[in-house]
Asker: 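Here it is, the structure in full.
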Amino acid sequence: MDYNVFLLNLQNKVNKEDFFNLTMKFNNMDEAKRSKIEQNIYHLQLCDTLAPMIASIIAGCLCCGFLALDRFLIKDFMIGIIRLIFSLFIPLCFLYLACYCEDINEQDIADVLWFLCGISVFFAIIWWAADLFFVYKKVQKNNFNKINTFLNNF
């Protein structure tokens, strides 16, 4: 199989600069090494760049963008858990405390807690929207690193 077909498949899985670097690497290889790589490179498990983005958009449309599905899909568990804490648990804590303060007639404290709840929800929405782009770039970078490691080990 021609390596140009493989490079065309990679075009949407890595960013343009990295794609150019991979093209240059393939062009500079000798024919024997290139044919060996062509036979084995299809075993690489590359992530689709659009799957986490689509999952995040669907979750956001269902008002579940705070669940950090995109981060968990790309196996970025630490940032996913941090985002889950800051986007879900902190606003819920403010919400609970604001309701409790209203029940015990502490309206001044309840107003502050309602404001903090609104601010934390606002930042959760901003983080979700920003993560649409950050996750896309991270998937592209991870794919390039997998391919680059594979090529360097051959």
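Index from 1, following the sequence. This one's a predicted model, so the numbers in the text were calculated from it and none came from an experiment.
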Asker: If you measure from CG on N143 to CD1 on I74, what distance do you get to the nearest 0.5 Å?
Answerer: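 If I round to the nearest 0.5 Å, the distance is 10.5 Å.
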Asker: State which residues pass side-chain hydrogen bond (donor to acceptor under 3.5 Å, both in side chains) with K36; sequence neighbours excluded, sorted by chain then number.
Answerer: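 Testing K36 for side-chain hydrogen bond (donor to acceptor under 3.5 Å, both in side chains), a comparison that skips the adjacent residues, returns none.
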Asker: Tell me who clusters with L73, hydrophobic residues only, linked when side chains sit under 4.5 Å apart either directly or through other members.
Answerer: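 ILVMFWY cluster around L73 holds nothing else.
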Asker: With a 4.5 Å cut-off on side-chain heavy-atom distances among I, L, V, M, F, W and Y, is there a chain of contacts connecting F123 to V135?
Answerer: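 Per the 4.5 Å side-chain linkage, F123 and V135 are not co-clustered.
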Asker: Using the test salt bridge (charged side-chain N to carboxylate O under 4.0 Å, His left out), find all partners of K138 that sit at least two apart in sequence or belong to another chain.
Answerer: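 In terms of salt bridge (charged side-chain N to carboxylate O under 4.0 Å, His left out), with neighbours along the sequence ignored, K138 is linked to D76.
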Asker: Let me confirm one number: the CG-CZ distance from L88 to R83, rounded to the nearest 0.5 Å.
Answerer: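 Between atom CG of L88 and atom CZ of R83 there are 11.5 Å.
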Asker: Determine which pairs satisfy side-chain hydrogen bond (donor to acceptor under 3.5 Å, both in side chains) with at least one residue from residues 87-98, sequence neighbours left out, and list them in order.
Answerer: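 For residues 87-98, and leaving out neighbouring residues, there are no side-chain hydrogen bond (donor to acceptor under 3.5 Å, both in side chains) pairs at all.
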Asker: Working to the nearest 0.5 Å, report the span between CZ of F26 and NZ of K33.
Answerer: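 The CZ atom of F26 sits 10.0 Å away from the NZ atom of K33.
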Asker: Measuring from atom CE of M29 to atom CE of M24, what distance do you get when rounded to the nearest 0.5 angstrom?
Answerer: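 The distance works out to 12.0 Å.
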Asker: Say whether, by atom type as modelled, one donor and one acceptor occur between the side chain of R71 and the main chain of F77 under 3.5 angstrom.
Answerer: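 Flag not set: sc R71 to bb F77 has no pair under 3.5 Å.
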Asker: Going by the salt bridge (charged side-chain N to carboxylate O under 4.0 Å, His left out) test, which pairs reach into residues 141-154, not counting sequence neighbours?
Answerer: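 Of all non-adjacent pairs touching residues 141-154, those that pass salt bridge (charged side-chain N to carboxylate O under 4.0 Å, His left out) are D18-K141.
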Asker: Side chains of residues 47-61: which donor-acceptor partners sit under 3.5 Å, not counting sequence neighbours?
Answerer:
from	atom 1	to	atom 2	distance (Å)
T49	OG1	N12	O	3.2
S56	OG	D70	OD2	3.2
S56	OG	W128	NE1	2.9

Asker: Going from CG on L95 to SG on C117, what distance comes out if it is rounded to the nearest 0.5 angstrom?
Answerer: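 Those atoms lie 5.0 Å apart.
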Asker: Apply the side chain to side chain contact (heavy atoms under 4.5 Å, CB included) test between L46 and each candidate in L10, N142, V139; give the one that qualifies.
Answerer: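 Result for side chain to side chain contact (heavy atoms under 4.5 Å, CB included) with L46: L10.
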Asker: Going by side chain to side chain contact (heavy atoms under 4.5 Å, CB included), name the residues that satisfy it together with F122, two or more places apart in sequence or in a different chain.
Answerer: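 Residues passing side chain to side chain contact (heavy atoms under 4.5 Å, CB included) with F122: I126.
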Asker: E17: what forms a salt bridge (charged side-chain N to carboxylate O under 4.0 Å, His left out) with it, not counting sequence neighbours?
Answerer: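 Result, salt bridge (charged side-chain N to carboxylate O under 4.0 Å, His left out) vs E17: none returned.
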Asker: Just to verify, what does I82 make a side chain to side chain contact (heavy atoms under 4.5 Å, CB included) with, not counting sequence neighbours?
Answerer: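 Expected list: M78, F86, W127.
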Asker: Please tabulate, one pair per line, all N/O donor-acceptor pairs under 3.5 Å involving side-chain atoms of residues 102-110, not counting sequence neighbours.
Answerer:
from	atom 1	to	atom 2	distance (Å)
E102	OE2	W114	NE1	2.9
Q107	NE2	D111	OD1	3.0

Asker: Not counting sequence neighbours, which residues clear side-chain hydrogen bond (donor to acceptor under 3.5 Å, both in side chains) with N9? List them please.
Answerer: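 Result, side-chain hydrogen bond (donor to acceptor under 3.5 Å, both in side chains) vs N9: none returned.
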Asker: Return the CZ to OG distance between F115 and S120, rounded to the nearest 0.5 Å.
Answerer: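 Rounded to the nearest 0.5 Å, the CZ-OG separation comes out at 10.5 Å.
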Asker: What pairs of residues pass the ring pair (Phe, Tyr, Trp, His ring centres under 6.0 Å) test when at least one of them lies in residues 130-150, not counting sequence neighbours?
Answerer: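 Listed once each, the pairs are F150-F154.
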